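This one's a predicted model, so the numbers in the text were calculated from it and none came from an experiment. Each residue takes its place number in the sequence, starting with 1.
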Amino acid sequence: QGPLVESGGGLVQAGGSLRLSCAASGRTFSSYAMGWFRQAPGKEREFVAAINRSGGSVYYGDSVKGRFTMSRDNAKNTVNLQMNSLKPEDTAVYYCAGRIISSYYSIAVKEDEYDYWGQGTQVTVSS
């Protein structure tokens, strides 16, 4: 088991909600900028959301803006992704990613900026 483990995926009808969680091991979680990415079959991995070390700044991809909310709890070493108003096009494997970063305020939005990845969790939205 790696340093990041996702959970919460599943099957949901269009318009429904799911909450993904990512648990991190180790004592330095507050030093990580975190992100969520997703990959649908036959498509490239896509940026979903990212959060800075404190949780005070969050950035979303255009396709999920207004529907998804990313948060983190540094005391519990977890990040969450609340997904509302789900659409069939949200169907994908969702990955949690982490990067140790010195800046307290910076957000990482590019896939190659991240050092650690979870194994992924499947989200399927039926129409």
Side-chain angles (χ1 to χ4, degrees):
Q1 197 174 55
L4 300 175
V5 180
E6 303 96 335
S7 62
L11 173 65
V12 64
Q13 288 188 332
S17 299
L18 280 176
R19 183 177 177 86
L20 304 183
S21 293
C22 174
S25 59
R27 303 178 182 177
T28 60
F29 180 69
S30 61
S31 299
Y32 285 71
M34 300 296 295
W36 285 98
F37 291 78
R38 67 186 183 185
Q39 188 166 22
K43 295 188 177 181
E44 295 186 351
R45 195 171 293 187
E46 174 190 17
F47 169 75
V48 175
I51 195 167
N52 70 341
R53 287 173 53 184
S54 70
S57 294
V58 187
Y59 186 77
Y60 297 96
D62 288 341
S63 61
V64 306
K65 208 172 289 184
R67 299 187 297 122
F68 290 12
T69 302
M70 184 176 184
S71 61
R72 69 186 294 161
D73 186 335
N74 286 344
K76 296 182 179 179
N77 283 16
T78 58
V79 291
N80 299 300
L81 185 69
Q82 179 65 42
M83 306 186 296
N84 298 329
S85 302
L86 283 162
K87 305 175 182 179
E89 51 263 44
D90 294 318
T91 295
V93 177
Y94 283 70
Y95 297 92
C96 171
R99 173 192 176 187
I100 295 177
I101 191 167
S102 58
S103 169
Y104 201 65
Y105 305 101
S106 294
I107 290 178
V109 300
K110 296 181 180 179
E111 187 177 344
D112 60 8
E113 293 182 282
Y114 286 92
D115 303 310
Y116 303 99
W117 292 83
Q119 82 287 353
T121 186
Q122 177 70 47
V123 171
T124 302
V125 184
S126 63
S127 57

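The shortest distance between side-chain heavy atoms of Tyr94 and Met83 falls below 4.5 Å. Inter-residue side-chain proximity for Leu4 and Tyr95 is flagged as unmet; no heavy-atom pair is nearer than 4.5 Å. Between Val125 and Lys87 the shortest side-chain heavy-atom distance does not fall below 4.5 Å. A 4.5 Å side-chain heavy-atom check between Phe68 and Leu86 finds at least one atom pair inside the cut-off. Side-chain contact between Leu18 and Val123 is present, with at least one heavy-atom pair separated by less than 4.5 Å. Two residues are said to be in side-chain contact when any heavy atoms from C-beta on lie closer than 4.5 Å; Thr121 and Leu20 meet this criterion.
Every residue two or more places apart in sequence or in another chain that forms a salt bridge (Lys or Arg N to Asp or Glu O under 4.0 Å) with Arg45 is listed here: Glu111. With sequence neighbours excluded, the residues that form a salt bridge (Lys or Arg N to Asp or Glu O under 4.0 Å) with Lys65 are Asp62. Listed by chain and number, the residues in a side chain to side chain contact (heavy atoms under 4.5 Å, CB included) with Ala49 are Tyr60, Met70, Leu81 (sequence neighbours excluded). For the side chain to side chain contact (heavy atoms under 4.5 Å, CB included) test, residues two or more places apart in sequence or in another chain that qualify with Ser57 are Asn52, Ile107. Under the side chain to side chain donor-acceptor pair (under 3.5 Å) criterion, Gln82 pairs with Arg19, Asn84, not counting sequence neighbours. Arg72 meets the salt bridge (Lys or Arg N to Asp or Glu O under 4.0 Å) test with no other residue; sequence neighbours excluded. In this structure Ser7 satisfies the side chain to side chain contact (heavy atoms under 4.5 Å, CB included) test together with Ser21, sequence neighbours excluded. Residues passing the ring pair (Phe, Tyr, Trp, His ring centres under 6.0 Å) test with Tyr116, sequence neighbours excluded: Tyr32.
Between Arg38 and the options Glu46, Glu44, Glu6, a salt bridge (Lys or Arg N to Asp or Glu O under 4.0 Å) holds for only Glu46.
Interatomic distance, Gln13 CD to Ser126 OG, rounded to the nearest 0.5 Å: 5.0 Å. To the nearest 0.5 Å, atom OG of residue Ser30 and atom CG of residue Asp73 are 11.5 Å apart.
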Pair Val79, Trp36 - check side chain to side chain contact (heavy atoms under 4.5 Å, CB included), show working. CA-CA 9 Å; Val79 291; Trp36 285 98; 4.1 Å; yes

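Annotation: disulfide bond (SG atoms under 2.5 Å apart) contacts involving residues 33-84, sequence neighbours excluded, are absent. Screening residues 15-91 for disulfide bond (SG atoms under 2.5 Å apart) gives Cys22-Cys96 as the qualifying pairs, with residues at least two apart or on separate chains. Listed by first then second residue, pairs satisfying salt bridge (charged side-chain N to carboxylate O under 4.0 Å, His left out) with a partner in residues 112-127 read Arg99-Glu113, not counting sequence neighbours.
Between Tyr114 and Phe37, the ring-plane angle classifies as perpendicular under the 30° and 60° cut-offs.
Put simply, Ile100 and Met34 are part of the same group of oily side chains (I, L, V, M, F, W, Y) that touch within less than 4.5 Å, one to the next.
The hydrophobic cluster analysis finds Ile101 isolated: no Ile, Leu, Val, Met, Phe, Trp or Tyr side chain comes under 4.5 Å of it, directly or through other members.
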